[in-house]
Amino acid sequence: MELEGGKQKQQGRLILLNMRRSAAPSQLQGNPFKKPKFISPARSHPSPNEEVAKLNSDIKLFEVAANKNNFLQPQNDPRTCNFNLPTKECAKGINHGDNYREKYYLEASTKTTLDLHHTVHSAPKEITVSKGQEEKPDSLVKYFSVVWCKASKKKHKKWEGDGVLIVKGKSFTLKDLEGKDIGRGTGYKLKELEKIEEGQTMMIGGKEIEVMGIISPDDFNSGRCFQFGGGCSAILSSSQAAKKCFSNPFKSVCKLSSKENKQNSFQSCKPRHDPYAPNSLVMLRPDKNHQWLFNKNCFPVVDVVIDPHLVYYLRPHQKEGITFLYECVMGMRVNGRCGAILADEMGLGKTLQCISLIWTLQCQGPYGGKPIVKKTLIVTPGSLVNNWKKEFQKWLGIERIKIFTVDQDHKVEEFTKSPFYSVLIISYEMLLRSLDQIKNVKFDLLICDEGHRLKNSTIKTTTALISLSCEKRIILTGTPVQNDLQEFFTLIDFVNPGILGSLSAYRKIYEEPIIISRQPSASEEERELGEQRAAELTCLTGLFILRRTQEVINQYLPPKIENVVFCRPGALQIALYRKLLNSQAVRFCLQGLLENTSHLICIGALKKLCNHPCLLFGSIKEKESNSTWDESEERNLYEGLMNVFPADYNPIMFTEEESGKLQVLSKLLAVIRELRPAEKVVLVSNYTRTLDILQEVCKRHGYAYTRLDGQTPISQRQQIVDGFNSKYSSDFIFLLSSKAGGVGLNLIGGSHLILYDIDWNPATDIQAMSRVWRDGQKHPVHIYRLLTTGTIEEKIYQRQISKQGLSGAVVDLSKTSDHIQFSVEELKNLFTLHESSHCVTHDLLDCECTGENHTGDSLEKLPVSRNCQLGPHQQKSDSLKPLSMSQLKQWRHFPGDHLNLTDPFLERIRENVSFFFQNITNQTTAI
Ligand SMILES: Nc1ncnc2c1ncn2[C@@H]1O[C@H](COP(=O)(O)OP(=O)(O)OP(=O)(O)O)[C@@H](O)[C@H]1O
Ligand SMILES: [Mg+2]
């Protein structure tokens, strides 16, 4: 577009240029939706005609346009856009006929007559600056879509870009489509601002603009009016598009090939499985637009039907998940985008859903039945590489699909050289080492398991994966992905690159308004804008993110009995605890005199002590022998501590009595062994040294055990897991380091899980606790979380379930205590030992019961409400979210010396327990 006769910007004046757009077709007038979108002169296309012979180039044009923009395609699917949003909202977003949609049609359409070089001949009309006495400044709020260019005296000017003009009161702001302010002005006459209409050309803030259309407040507030925010509104119903742009693509393209040949090959194209068989799971048929884009050879459309062999086993949510994944990777949900995030909670069978997808795409396709995928790359944490292989074998046997897993002895080259394998499974670590070889292979589908680790765009793994050319990308994660808007962007941008625009634009359009709206100081207007932008973002991304919570499989799982067990500390523990709290190091921390790291050392010492005093003893001995001991902070912390230990203390000869939790654990193992001799226990700790102690306990009692921690070679991990899960295994205990094996592992061989210590991050604990209560579990599951009464462990637990721990609901496995900032007040609380309380956590619950005479009914009677349970138990909507204080209050709870303790397991350990909380999910009478 060119400008002619633009007048110089005049200070303090808004100049309306009454320009005539030579080629803005008059039939478009009055309808903002029909305005052509700004097209950079560099991108000008030759004017297309309607001849069939030109269709091929039109396809390209269409493709280019589709690739350059975010054209979502809701497919009239009721599930479309249902993610986290009221359907009404979404529907509004999608169906909104807005100018971008139309602009797109115009740009792509072969029928549009677009003059890309508007020449403007006109003289400016001036609006004078208001004196501001007679007008109410805030009464006017209007939004316009505009095109702009810098003001200049040149005769031939070109529009430089699209923009959004916001007129508010007597001021206006001009934003580019990345949301950046590119012009401002204030003090204009309200009456004249009110008159702004499409077609007008003005000079503002050093720019000449032409008003292309009016933007509704809705479109502005949701961000849809911006280029990519327009994603949701720029949704192009593909069938509509197809109708509009290419009325009969199929027929036209078919002319290109021999009719006879086609007919012959059509006849042989049949679905691989019978789509009409009862219970068949048939994928969505591609619509005309999809066919136009992807069926260049004009193959007949064939139903893609999931292998009935798999369908037989699939849960309803898994069928839905496979359909979702299929539509995403086929580009049926978001035009031109083939990425998806499957964020189902732990244990919902994300693996099986992916296996079903791979198997389907490897054998079938909608166009002539031709397979969509030849090679698939699965990247997963090291401990799960063989689990994936095993799952493939479990569901498809060893013949159907050939899997290659990379390890020390099996290098990527082997896969590259052999035509035999179609799926490569590799750990994230190995991927980095073998990136060059991997890049040599053309993968059609990329699956990143536990993919929340890609949320940081700067880490090597993310950049390595981004560098792979594969378009169909799936992230699997059990962790919610929307907590941190920045990380959210990275994940979204990984699966569907560019869909949210550039990072800087995303920040302006979404992140900033959303964050501002959540601040307590936000104005009503800011709050509303932030909410609408958040809704739009959810709507846009919801098309390719799917998350279901654990409730969907509860019905297939046995009961789960969760216990929080408050163990009384041993006498030695109390003496040492007091001494540590009186140390110079702790006192300095409380006075704010020490570095941030010092309190972490103090916290670390207290946590060790809670696990067992011998761990603390070991640490002191180790530090003493260190040359820097004299100056170290540890010296201030450990000073005089050795005197509290008995003179002949030998950490190797530790006793169970020295640790409250170990005493409870030892009794618990004994009672499980006695009452449920066929059942097994998963024993989890965050620390390898603690696992050593627990291992020693196993040895002393003659319990057969197996162990998986960070030192376990990856190649052996699955073998260990399989061994434990096997009914022939004699192992009674699985010692598990939660850091090494918390995520993804299936330990259904165990039906009792004991969490020996607590992590700052609730997600770590929840992940670990989810290893046994999963599909395939035959026994009722008992979970025991051990905490030392009155100590820092209770405080960490409280933090997990308090508002503070939940703030922003950041449930993120990568967050460690190093990320936590403590105020002096918080440190004071952390460094207090509550010796007289049965349960500080209960004291804080504001519960009416005294904890003394609370009636504990038998498990069978639950969930009968009692005076201590202030309402029926509510299912958590998202079981990855830590429990809240109020939810905990609804759990059964009673002191250790409670008279009618009917749970036989708790009965046996009560002697060393000051308090219990208990909750039962999926209760049946037989537990
Ligand atoms: N339909 C099914 N019927 C029986 N077992 C199933 C079914 N689907 C999945 N499973 C089993 O459930 C277990 C959990 O599945 P999977 O490991 O895929 O969970 P996940 O969603 O990946 O969880 P996480 O987030 O913890 O990795 C596996 O042992 C799997 O074989
Ligand atoms: Mg998994």
Side-chain angles (χ1 to χ4, degrees), residues 279 281 306-322 324-325 340-359 378-397 425 427-428 447-453 474-481 546-558 682 684 717-718 721-722 724-727 736 738 740-751 753 763-778 781 811-813 878-880:
N279 301 323
L281 180 57
I306 307 295
D307 193 331
H309 164 83
L310 286 171
V311 177
Y312 177 79
Y313 298 100
L314 293 173
R315 310 279 190 218
H317 76 275
Q318 293 174 327
K319 292 181 186 172
E320 189 194 5
I322 294 164
F324 160 83
L325 288 174
I341 299 182
L342 183 60
D344 283 346
E345 271 190 7
M346 297 153 301
L348 263 61
K350 293 186 279 293
T351 323
L352 172 56
Q353 293 175 64
C354 287
I355 289 173
S356 308
L357 178 79
I358 297 168
W359 177 233
I378 299 172
V379 195
T380 180
S383 54
L384 299 177
V385 169
N386 285 313
N387 181 60
W388 268 92
K389 184 174 184 176
K390 218 178 131 257
E391 287 275 316
F392 267 104
Q393 289 172 355
K394 177 173 172 178
W395 300 112
L396 291 171
I425 308 175
S427 69
Y428 285 99
I447 297 178
C448 301
D449 192 16
E450 303 297 341
H452 42 260
R453 64 170 68 204
I474 298 176
I475 279 184
L476 302 181
T477 177
T479 307
V481 285
L546 183 65
R547 177 169 180 79
R548 279 79 56 86
T549 55
Q550 212 141 28
E551 275 85 61
V552 300
I553 51 161
N554 278 2
Q555 56 176 306
Y556 308 106
L557 298 180
V682 177
V684 188
R717 292 186 181 188
Q718 191 58 38
V721 170
D722 291 346
F724 179 73
N725 287 338
S726 155
K727 62 179 175 202
L736 175 69
S738 56
V743 294
L745 282 190
N746 288 305
L747 294 171
I748 48 170
S751 51
L753 183 137
T764 314
D765 291 349
I766 295 166
Q767 275 281 359
M769 288 192 287
S770 307
R771 297 306 109 204
V772 293
W773 198 54
R774 358 184 83 208
D775 227 322
Q777 178 58 260
K778 302 276 184 301
V781 165
V811 184
D812 178 346
L813 289 168
D878 189 335
S879 48
L880 244 195

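In listed order, ligands and their atoms are each counted from 1.
- Within ligand 1, counting atoms from 1 as listed, the ones closer than 4.0 Å to a heavy atom of Leu352 are 1 (N), 7 (C), 8 (N).
- Panel note: side chain Arg771, backbone Leu747; no donor-acceptor pair is recorded below 3.5 Å.
- Ranking protein heavy atoms by distance to atom 13 (C) of ligand 1, first place goes to Asn746 OD1, 3.5 Å.
- For ligand 1 and Arg771, the ligand atoms under 4.0 Å from any heavy atom of the residue are 26 (O).
- Residue Glu391 has at least one nitrogen or oxygen atom sitting less than 3.5 Å from a nitrogen or oxygen atom of ligand 1, judged on distance alone.
- At least one heavy atom of Glu450 sits closer than 4.0 Å to an atom of ligand 1.
- Contact annotation: for Met346 versus ligand 1, heavy atoms closer than 4.0 Å belong to both the backbone and the side chain.
- Within the 3.5 Å criterion, the main-chain N or O of Trp395 finds a donor-acceptor partner in the side chain of His309.
- Around atom 31 (O) of ligand 1, the closest heavy atom drawn from His317, Gln318, Lys394, Gln353 belongs to Lys394.
- Ranking protein heavy atoms by distance to atom 26 (O) of ligand 1, first place goes to Arg774 NH2, 2.3 Å.
- Proximity of Trp395 to ligand 1, defined as any heavy-atom pair under 4.0 Å, is confined to the side chain (atoms from C-beta onward).
- Within the 4.0 Å heavy-atom criterion, neither part of Lys390 lies near ligand 1.
- Nearest to atom 15 (O) of ligand 1 among the protein's heavy atoms is Gly349 CA, 3.6 Å.
- If you look at Asp775 next to ligand 1, the close heavy atoms, those under 4.0 Å, come from the backbone and the side chain alike.
- Using modelled atom types, one side-chain atom of Lys778 and one backbone atom of Gly776 make a donor-acceptor pair closer than 3.5 Å.
- A side-chain contact (heavy atoms from CB on, under 4.5 Å) with Leu357 is found for exactly one of Ile306, Leu352, Leu325, namely Leu325.
- Using bins of under 30°, 30° to 60° and over 60° for the plane-to-plane angle, the ring pair Phe392/Trp388 lands in the tilted bin.
- Each of His317, Gln318, Glu320 was compared with Arg548 under the side-chain hydrogen bond (donor to acceptor under 3.5 Å, both in side chains) criterion, and only Glu320 meets it.
- With Asn386 as the partner, the side-chain contact (heavy atoms from CB on, under 4.5 Å) test is satisfied by one option alone out of Arg717, Glu391, Gln718: Gln718.
- Checked against a 3.5 angstrom limit, the closest N/O atoms of Asp344 and ligand 1 fall outside it.
- Residue Leu281 holds its CG atom at 9.0 Å from OG of Ser356, rounded to the nearest 0.5 Å.
- Scanning all heavy atoms of the two residues, the minimum distance from Ala768 to Val684 falls at CB-CG1, 4.0 Å.
- Heavy atoms of Gln767 found under 4.0 angstrom from ligand 1: none, in either backbone or side chain.
- For ligand 1, one of its N or O atoms has an N or O atom of Gly347 under 3.5 Å away.
- Checked by distance only, ligand 1 and Gly776 stay at 3.5 Å or farther apart across all their nitrogen or oxygen atoms.
- The shortest N/O to N/O separation between Leu348 and ligand 1 falls below 3.5 Å.
- Residue Thr351 approaches ligand 1 through these ligand atoms, each under 4.0 Å from one of its heavy atoms: 16 (P), 17 (O), 18 (O), 22 (O).
- Of the possible donor and acceptor atoms, one in the side chain of Gln777 sits under 3.5 Å from a partner among the backbone N and O of Val772.
- Formation of a donor-acceptor pair under 3.5 Å by the Asn746 side chain with backbone atoms of Arg774 is not found in this model.
- Taking atom 25 (O) of ligand 1 as the reference point, the nearest protein heavy-atom neighbour is Lys350 NZ, 2.8 Å.
- The distance from the CG atom of Leu384 to the OG1 atom of Thr351 is 8.0 Å, given to the nearest 0.5 Å.
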